[in-house]
2 protein chains.
Amino acid sequence: MSVTDQSIPVKTRLLQSALQLVREQGYDGTTVDELCRSAGVTKGAFFHYFEGKEALAIVATKFWTEVTGAAFAVADYHKFEDPLDRLLGYVDFRIEILEGRSLAECTCFLGTLVQEKFISSPTIRDACLEGIDSHARDISKLIGEAKMRHAPLAVWGAESLALHTQAVIQGAFILAKAKNDVTIAADMIRHLRRYIELLFHCTDET
Amino acid sequence: MSVTDQSIPVKTRLLQSALQLVREQGYDGTTVDELCRSAGVTKGAFFHYFEGKEALAIVATKFWTEVTGAAFAVADYHKFEDPLDRLLGYVDFRIEILEGRSLAECTCFLGTLVQEKFISSPTIRDACLEGIDSHARDISKLIGEAKMRHAPLAVWGAESLALHTQAVIQGAFILAKAKNDVTIAADMIRHLRRYIELLFHCTDET
DNA sequence: AGACACATACAAACCAGTTGGTATGAAATC
DNA sequence: GATTTCATACCAACTGGTTTGTATGTGTCT
């Protein structure tokens with residue numbers, strides 16, 4: 001099921017190509033022509049479905065949020081009864097995702113996009129923020145439940161820790177890109193796992 | 001002392017403009033013309049000093065590494081006798097740097113650049129890696145000393161933890177950009193601080 | 001006079017977006 | 001039920017502006 005598969009609608013193919021190419025080359029580094037070539041459509045088709053490049057970026061952030069949201073929704077870690085196990089399961093899942101994938105395949109479209117356009121396009125920035133926040137809210141809920149059961153008096157907030165998990169993951173991707181080595185990202189996320197374990201097991205310290 | 005200050009050499013002005021503009025707009029989003037305008041020089045001057053845009057980027061990474069390296073070298077946190085205090089002082093210093101600064105002024109040139117060009121320009125990627133690693137080595141040394149004194153048996157490695165500090169900081173910048181709020185980066189780095197404290201104070205758990 | 005440090009003008013490629021069209025199918029009209 | 005009408009989904013060529021880079025000129029210092 002390549003991205004040029006004729007059975008996939010043109011609009012979807014363009015969005016899939018956008019996710020891939022932007023993660024590989026950045027937003028400004030990806031031309032509309034290239035996007036069309038990758039999706040196997042012409043420029044006419046592109047401008048039929050999207051008002052312009054920026055509009056595509058906005059739609060792509062929503063597309064990304066849906067696709068990844070669905071992947072997390074069906075992931076195994078939800079099966080654990082203890083919310084702390086679910087939280088640690090989530091972190092393990094983030095590590096699993098890295099395995100056997102190229103960097104561009106496992107890094108975050110939103111993080112890549114927002115770093116490049118956070119000033120030059122507030123519209124894109126807001127769209128990225130919504131996607132990131134949407135996922136962070138899910139994680140915050142997980143953390144809140146784990147906190148309620150295991151560390152109700154802890155000083156740190158669930159929301160803040162949820163954002164921290166996302167920060168670590170985003171930062172892990174940057175280091176992995178610099179080192180051209182996905183495994184380094186896993187190492188960084190394992191530190192996050194240890195941090196969470198310490199937060200829940202050394203409550204006297206917080 | 002603006003970047004167009006006539007007393008600063010043209011080449012330096014171009015490099016300073018590059019650091020600023022790339023952090024604001026990204027590499028591909030910054031044109032050579034814009035760079036020249038910002039530095040108050042003409043295109044002739046630009047191509048007199050640099051072979052091209054990519055060559056400038058390489059030199060800019062070295063410039064960045066020197067400038068920031070010097071800033072960290074003279075920072076206060078080195079005064080502490082206990083290496084753990086120096087390490088925590090470093091983290092606090094990273095938080096201090098954020099205060100009163102705009103996002104583009106306090107984020108990392110290398111992280112921004114490498115995320116955009118890690119595939120399309122291996123040369124730039126390597127230059128960014130060298131800068132990041134150079135700083136990480138300094139932090140790794142700090143951590144190694146702290147570990148030797150306070151947690152010699154800990155399972156985590158100094159180098160890995162040093163990279164993790166950089167990952168957290170880079171990721172903090174991405175979230176801050178998405179939220180358009182520098183203070184969120186400080187929150188993320190405070191989690192890093194707590195992680196380090198826990199690592200050194202709950203050694204039985206590791 | 002010759003080297004260096006720039007400035008100005010220009011070229012060649014590139015890129016987002018436009019224009020003007022075709023093919024197809026569905027709905028309205030006769 | 002045949003025909004016209006119209007909207008949708010695309011396609012290919014083109015345009016105007018931008019971008020990196022070059023070629024050549026000019027002033028200055030030694």
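Predicted, not measured: the structure shown is a model, and the values here were computed from it.
- Residues E145(A) and R149(A) are not paired through a salt bridge, judged by the lack of any N-O separation under 4.0 Å between the basic side chain and the carboxylate.
- Checked by atom type, the side-chain pair Y90(A)/R86(A) shows no donor-acceptor distance below 3.5 Å.
- Rounded to whole Å, atom P of dT19(D) lies 9 Å from atom NZ of K53(B).
- Salt bridge annotation for R190(B)-D187(B): present, with a cationic side-chain nitrogen under 4.0 angstrom from a carboxylate oxygen.
- When the C1' atom of dC15(C) is taken as reference, atom NZ of K43(A) falls 6 Å away, rounded to whole Å.
- Between Q25(A) and E34(A), the side chains place a donor N or O and an acceptor N or O closer than 3.5 Å (distance only, hydrogens not considered).
- The side chain of H48(A) has dA9(D) as its nearest neighbour among dT8(C), dA9(D), dA13(D).
- Side chains of W156(A) and H164(A) form no contact here, defined as non-hydrogen atoms less than 4.5 Å apart.
- Atom CG of L14(B) is separated from atom P of dA5(C) by 14 Å (rounded to the nearest Å).
- Closest approach to the A45(A) side chain among dG21(D), dC11(D), dA5(C) is made by dC11(D) (side chain taken as heavy atoms from C-beta onward).
- Rounded to a whole Å, the CZ atom of F47(A) is 13 Å from the P atom of dC15(C).
- Taken residue by residue, residues 23-36 of chain B places heavy atoms nearer than 4.0 Å to DNA chain D at T30(B), T31(B), V32(B), D33(B).
- In this model, no donor atom of one side chain and acceptor atom of the other lie less than 3.5 Å apart for Q20(A) and S38(A).
- Using cut-offs of 30° and 60° on the angle between ring planes, the pair F93(B) and F72(B) is perpendicular.
- For the pair L21(A) CG and dC15(C) P, the interatomic distance rounds to 13 Å; values are reported in whole Å.
- The separation between E54(B) atom CD and dT19(D) atom C1' is 16 Å, rounded to whole Å.
- At whole-Å resolution of the value, NZ in K11(A) and C1' in dC11(D) are 19 Å apart.
- For the pair F46(B) CZ and dT19(D) P, the interatomic distance rounds to 14 Å; values are reported in whole Å.
- Candidate nucleotides dA16(C), dT8(C), dG21(D) were compared by shortest atom distance to the side chain of T42(B), and dT8(C) ranks first.
- Nucleic acid contact class of G44(B) (heavy atoms, under 4.0 Å, all strands): base.
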